[in-house]
Amino acid sequence: GWRHYLQTVTNPLHKWLQPFVIGLIWFVWHFAWLPEPLKALLGQNFNAPLPIGIITGIVSLALFSMFLGWTIQKTGAVLVPTLIHFATKSNSGTLLATIIVVVLGIITWDTFSLGKAMRK
């Protein structure tokens with residue numbers, strides 16, 4: 001729900017500014033709630049100075065937001081980024097498989113009647 005809301009509210013922004021704003025919001029959200037946010041967001045062995053960790057976290061989440069936003073724009077479905085986000089909580093093999101399946105599904109979206117029906 002939050003992804004769809006943020007995507008809608010920030011839609012008037014420039015296409016490169018939108019994912020940065022969303023990434024910044026998600027960084028602040030995760031930073032506020034996690035006991036060790038940089039380690040949780042960037043990996044357990046992340047030992048960089050705090051400013052580099054913050055910049056890396058924001059850029060990482062902005063890039064991820066760009067990808068998730070693309071999936072929403074292409075499909076009109078918030079379930080797709082939800083599944084991808086869920087897959088990030090699993091192992092890297094599951095995440096990679098999920099992203100491959102999602103990207104292939106999105107690339108071929110127009111060939112399925114569901115994609116055509118959603119645009120009407």
Side-chain angles (χ1 to χ4, degrees):
W2 281 110
R3 163 67 50 187
H4 187 267
Y5 173 75
L6 280 176
Q7 196 77 25
T8 304
V9 169
T10 59
N11 206 30
L13 297 175
H14 186 273
K15 69 177 184 177
W16 296 107
L17 183 59
Q18 183 184 26
F20 175 77
V21 169
I22 293 173
L24 180 63
I25 290 168
W26 285 129
F27 178 80
V28 170
W29 170 262
H30 286 95
F31 199 83
W33 288 98
L34 297 172
E36 294 187 56
L38 290 178
K39 285 186 178 181
L41 289 170
L42 304 171
Q44 295 302 318
N45 296 323
F46 188 79
N47 293 319
L50 186 63
I52 292 174
I54 290 172
I55 291 168
T56 304
I58 293 169
V59 169
S60 299
L61 288 171
L63 290 172
F64 194 58
S65 291
M66 185 179 290
F67 175 68
L68 295 180
W70 174 73
T71 64
I72 289 175
Q73 290 172 352
K74 187 71 175 166
T75 65
V78 75
L79 181 60
V80 175
T82 302
L83 291 173
I84 295 170
H85 187 272
F86 179 73
T88 64
K89 307 298 182 194
S90 61
N91 61 40
S92 58
T94 302
L95 176 61
L96 181 61
T98 302
I99 289 176
I100 289 170
V101 168
V102 166
V103 168
L104 289 174
I106 288 172
I107 290 170
T108 61
W109 188 262
D110 289 333
T111 62
F112 299 107
S113 61
L114 178 61
K116 294 174 187 170
M118 288 186 70
R119 281 194 264 290
K120 291 182 180 179

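All of these numbers come straight from a predicted model, not from anything done at the bench.
At a threshold of 4.5 Å between side-chain heavy atoms, the hydrophobic network of Ile, Leu, Val, Met, Phe, Trp and Tyr places Trp70 and Met66 in two separate groups. In the hydrophobic clustering of ILVMFWY residues, with side-chain heavy atoms under 4.5 Å counting as a link, Ile25 and Leu17 come out together. Both Trp29 and Ile22 are part of a single hydrophobic cluster, where members link through side-chain heavy atoms under 4.5 Å apart. Residues Leu61 and Tyr5 fall within the same hydrophobic cluster, defined by Ile, Leu, Val, Met, Phe, Trp and Tyr side chains chained together at heavy-atom separations under 4.5 Å.
The minimum heavy-atom distance linking Pro19 with Ser65 is given by the pair O-CB, 3.8 Å.
With sequence neighbours excluded, the residues satisfying side-chain contact (heavy atoms from CB on, under 4.5 Å) with Leu96 are Ile100. In this structure Ile58 satisfies the side-chain contact (heavy atoms from CB on, under 4.5 Å) test together with Phe20, Leu24, Phe27, Ile54, sequence neighbours excluded. Contacts of Thr10 classified as side chain to side chain donor-acceptor pair (under 3.5 Å), with partners at least two apart in sequence or in another chain: Gln18.
Distance CH2/Trp26 to CG/Leu68: 10.0 Å, rounded to 0.5 Å.
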